[in-house]
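Contents: one structure, followed by commentary.
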Amino acid sequence: NLPASPQSGDQVSFIDLKGTFDTNNLTISRNGKKIMGLSEDLVVTQENAGLSLVFTNNTDGWRLINN
């Protein structure tokens with residue numbers, strides 16, 4: 001779950017250390033805030049993925065800063 005009360009500039013990162021996101025998907029729960037402007041959880045299915053999100057504001061929510 002992402003933080004329920006994030007502040008602008010807060011960042012979180014995720015990395016697939018075991019290379020299994022293709023068979024054991026990572027679901028990032030938005031916890032009430034948007035992700036990339038959408039009101040849905042983010043599901044990562046790419047093996048060996050690494051990504052970071054930064055919280056911008058309540059309109060856009062969490063934004064992808066690298067992948």
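For the single chain, residues carry numbers from 1 onward in sequence order.
Ile65 CD1 to Leu51 CG: the interatomic distance, rounded to the nearest 0.5 Å, is 9.5 Å. Atom CG of Asn31 and atom OG of Ser5 lie 8.5 Å apart (nearest 0.5 Å). Going from atom CZ of Arg63 over to atom CG of Asn57 covers 9.0 Å, rounded to the nearest 0.5 Å.
Within the 4.5 Å cutoff, the side chain of Asp10 has heavy atoms near those of the Trp62 side chain. In this structure, the side chains of Leu26 and Asp16 stay at 4.5 Å or more apart for every pair of heavy atoms. Under the 4.5 Å side-chain criterion, counting only non-hydrogen atoms from C-beta, Ile28 is not in contact with Asp41. Counting only heavy atoms from C-beta outward, the side chains of Leu53 and Leu64 approach each other to under 4.5 Å. Taking 4.5 Å as the limit, every side-chain heavy atom of Lys33 sits out of range of all side-chain heavy atoms of Leu2.
When the ring-ring contact (aromatic ring centres under 6.0 Å, His included) test is applied to Phe21, no partner is found at least two apart in sequence or on another chain. A search for side-chain contact (heavy atoms from CB on, under 4.5 Å) contacts involving Ser39 returns Arg30, Lys34, not counting sequence neighbours.
Asp22 places no side-chain N or O within 3.5 Å of a backbone atom of Thr45 that could act as its donor or acceptor partner. Judged by distance alone, the side chain of Ser8 and the main-chain N or O of Thr56 form a donor-acceptor pair under 3.5 Å.
Two different hydrophobic clusters hold Ile15 and Val44 under the rule that ILVMFWY side chains link at heavy-atom gaps under 4.5 Å.
Listed here is the closest heavy atom pair of Val12 and Phe14: CG2-CE1, 3.7 Å.
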